[in-house]
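Taking it in order: structure first as structure tokens, then the write-up.
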Amino acid sequence: MFVYIDGKFFPENEAKVSIFDHGFLYGDGVFEGIRAYNGRVFRLAEHVDRLFDSAKAIDLVPPVTKEEMAEIIKETLRKNNLKNAYIRPIISRGVGSMGLDPHRCAKPSVICAATEWGAMYGDLYETGLTAVTVCVRRNTPDSLPPNIKSLNYLNNILGKIEANYKGGDEAIFLDRTGKLAEGSGDNIYLVKNGKLYTPPTINNLKGITRQVLLELLDKIGVPYEVCELGLFDLYTADEVMVTGTAAEICAITKIDGRVIGNGKPGAVYRKLIPAFQEVTKNEGDAY
Ligand code: PMP
């Protein structure tokens with residue numbers, strides 16, 4: 001694998017950053033997770049926009065333009081000869097002193113890696129995931145806003161650790177007030193009486209796959225509502241599912257021991273999967 005770092009490609013074992021990079025020292029930086037399908041980058045412009053918005057929110061000025069960033073992503077795919085891939089662009093604060101003041105960092109670093117990565121949940125797309133709600137709450141929008149896709153993913157990782165101990169394939173986060181937020185790396189939805197519901201994106205990331213799913217709902221004729229939801233809604237739903245670039249769309253069939261619906265991925269999920277495969281196969285920026 002070749003990794004892009006600040007203008008050059010390095011073989012994987014030579015792709016190194018300084019331990020004084022504040023991305024490493026403090027999680028001071030931002031990133032994206034993007035997929036390419038069939039030689040095209042899916043929703044490239046949206047991912048680059050979100051990367052730049054995350055950077056803006058942490059007062060980091062990227063040393064490249066959006067157009068250059070998009071080209072770096074495509075070049076990384078070409079260089080690695082990948083047709084179907086998961087891509088990880090990063091903009092870190094750069095090398096600084098041991099102190100945390102970002103003003104002491106000379107220049108942000110731009111990094112891009114890409115790798116083959118198939119269906120993240122393997123066979124579980126057929127059976128559905130077992131999920132657990134976790135004690136740790138999602139970061140609040142007035143502390144570390146979940147909309148910043150920052151290199152500090154510890155909140156998500158704490159949820160994942162807890163889910164692992166509790167035997168869940170995925171963690172479901174509530175916010176400070178007990179409202180449904182999101183999964184550790186995906187947005188969440190429920191279906192009740194033929195309508196889909198999802199929380200607003202204040203306590204969770206504005207998922208690009210979320211946007212795709214909402215567009216697909218119009219196509220498959222399922223109405224939806226964005227509204228605050230709680231545990232009761234989750235436990236009594238007919239269907240629950242999550243979306244993310246890595247996870248794509250995956251059903252959840254058990255939550256905290258409660259069987260969701262009839263315990264199998266539901267009708268709306270089954271309609272969404274082929275519709276999603278259709279757009280991922282045919283859309284996107286060719287490279
Ligand atoms: N929430 C979190 C915390 C995530 O890490 C991700 C993955 N980027 C998502 C939601 C889903 O976002 P997207 O569909 O843009 O990948």
Side-chain angles (χ1 to χ4, degrees), residues 32-53 70 84 86-87 119-121 124-126 128-129 131 146-147 149 170 172-173 179-183 185-230 232-234 236-253 255 260-262 264-286:
E32 269 302 317
I34 310 174
R35 268 189 195 266
Y37 295 92
N38 204 21
R40 295 160 190 263
V41 192
F42 189 60
R43 304 266 161 142
L44 176 59
E46 286 90 333
H47 281 284
V48 172
D49 281 348
R50 188 171 66 184
L51 181 69
F52 276 58
D53 281 348
N84 294 287
Y86 181 82
I87 310 139
M120 181 171 129
Y121 285 123
L124 296 174
Y125 291 92
E126 282 303 311
L129 305 173
N147 270 304
K149 201 164 167 58
E170 177 55 315
I172 298 175
F173 279 97
K179 290 184 196 105
L180 186 58
E182 61 180 337
D186 29 59
N187 294 109
I188 191 159
Y189 315 80
L190 59 90
V191 177
K192 184 78 177 172
N193 298 328
K195 190 170 171 185
L196 182 137
Y197 299 84
T198 193
T201 53
I202 301 163
N203 296 313
N204 52 69
L205 188 73
K206 289 184 207 304
I208 289 160
T209 323
R210 177 182 186 274
Q211 185 54 40
V212 175
L213 181 139
L214 297 181
E215 289 166 20
L216 291 177
L217 288 177
D218 287 337
K219 275 198 201 159
I220 64 169
V222 172
Y224 74 87
E225 190 178 331
V226 174
C227 59
E228 290 174 341
L229 300 159
F232 177 81
D233 306 304
L234 211 51
T236 59
D238 300 326
E239 295 182 45
V240 177
M241 62 192 98
V242 286
T243 67
T245 296
E248 300 173 297
I249 306 178
C250 196
I252 291 179
T253 45
I255 303 173
I260 303 304
N262 64 3
K264 297 204 173 77
V268 174
Y269 172 75
R270 296 220 166 268
K271 276 191 208 161
L272 279 168
I273 293 296
F276 182 70
Q277 284 166 350
E278 189 67 20
V279 290
T280 51
K281 194 174 81 190
N282 296 311
E283 267 191 29
D285 287 50

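Here the structure is a predicted model, which is why all the values come from computation and not from measurement.
- Rounded to the nearest 0.5 angstrom, E170 CD and I255 CD1 are separated by 11.0 Å.
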Could you please spell out the steps behind the side chain to side chain contact (heavy atoms under 4.5 Å, CB included) verdict for Y37 and K281? CA-CA 6 Å; Y37 295 92; K281 194 174 81 190; over 6 Å; no

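- Residues I208 and R50 meet the side-chain proximity criterion, which asks for heavy atoms closer than 4.5 Å.
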List the steps, then state whether side chain to side chain contact (heavy atoms under 4.5 Å, CB included) holds for Y197 with V226. CA-CA 6 Å; Y197 299 84; V226 174; over 6 Å; no

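- Counting heavy atoms from C-beta on, the side chains of Y86 and M120 never come closer than 4.5 Å.
- At least one donor-acceptor pair closer than 3.5 Å links the side chain of T209 to the backbone N or O of T245.
- No donor-acceptor pair closer than 3.5 Å links the side chain of E225 to the backbone N or O of L196.
- The shortest non-hydrogen separation linking E182 to I188 is CA-CG2, 3.9 Å.
- The two atoms that bring L272 and I249 nearest to each other are CB-CD1, 4.3 Å, heavy atoms only.
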Begin from the C-alpha positions of T201 and R210 and carry the test side chain to side chain contact (heavy atoms under 4.5 Å, CB included) through to its verdict. CA-CA 10 Å; T201 53; R210 177 182 186 274; 3.5 Å; yes

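- The shortest heavy-atom contact between C250 and L129 is SG-CG, 3.6 Å.
- By the 4.5 Å heavy-atom criterion applied to side chains, L234 and L190 are counted as neighbours.
- Residues A247 and Y125 approach most closely at O-OH, 2.7 Å, considering heavy atoms.
- Look at R43 and E215 and you find a salt bridge, because one of the NZ, NE, NH1 or NH2 atoms lies within 4.0 Å of a carboxylate O, short of that distance.
- The CD atom of E283 sits 12.0 Å away from atom CG of L44, with the distance rounded to the nearest 0.5 Å.
- Taking the side chain as every heavy atom from C-beta outward, E248 and R35 approach each other to under 4.5 Å.
- Between K149 and E32 there is no salt bridge, since none of the side-chain N atoms of the basic residue sits less than 4.0 Å from a carboxylate O of the acidic one.
- L216 places none of its side-chain heavy atoms less than 4.5 Å from the side chain of L213.
- In terms of modelled atom types and a separation under 3.5 Å, the side chain of R40 and the main chain of D285 share no donor-acceptor contact.
- Remark: the T243 side chain and the Y189 side chain contain an N/O donor-acceptor pair separated by less than 3.5 Å.
- The closest donor-acceptor contact from the side chain of N282 to the backbone of V279 lies at 3.5 Å or more, if one exists at all.
- Y224 is listed as a side-chain neighbour of L214, based on a closest heavy-atom distance under 4.5 Å.
- To the nearest 0.5 Å, atoms CD1 (I273) and CD (E278) are separated by 13.5 Å.
- When atom types are taken as modelled, the side chain of D238 and the backbone of N193 share a donor-acceptor pair closer than 3.5 angstrom.
- Separation of atoms NZ (K206) and CG (N147) is listed at 4.5 Å; rounding is to 0.5 Å.
- Under the 3.5 Å distance criterion, the side-chain polar atoms of K192 are matched with a main-chain donor or acceptor of T236.
- T253 has its side chain within reach of P265: a pair of non-hydrogen atoms, C-beta onward, lies under 4.5 Å apart.
- Listed for the E239 side chain is a donor-acceptor partner under 3.5 Å among the backbone atoms of Y269.
- Side chain of N203 to main chain of P146: no donor-acceptor pair is present (N/O by atom type, distance under 3.5 Å, no hydrogens or angles).
- The shortest side-chain heavy-atom distance between K195 and V222 does not fall under the 4.5 Å cut-off.
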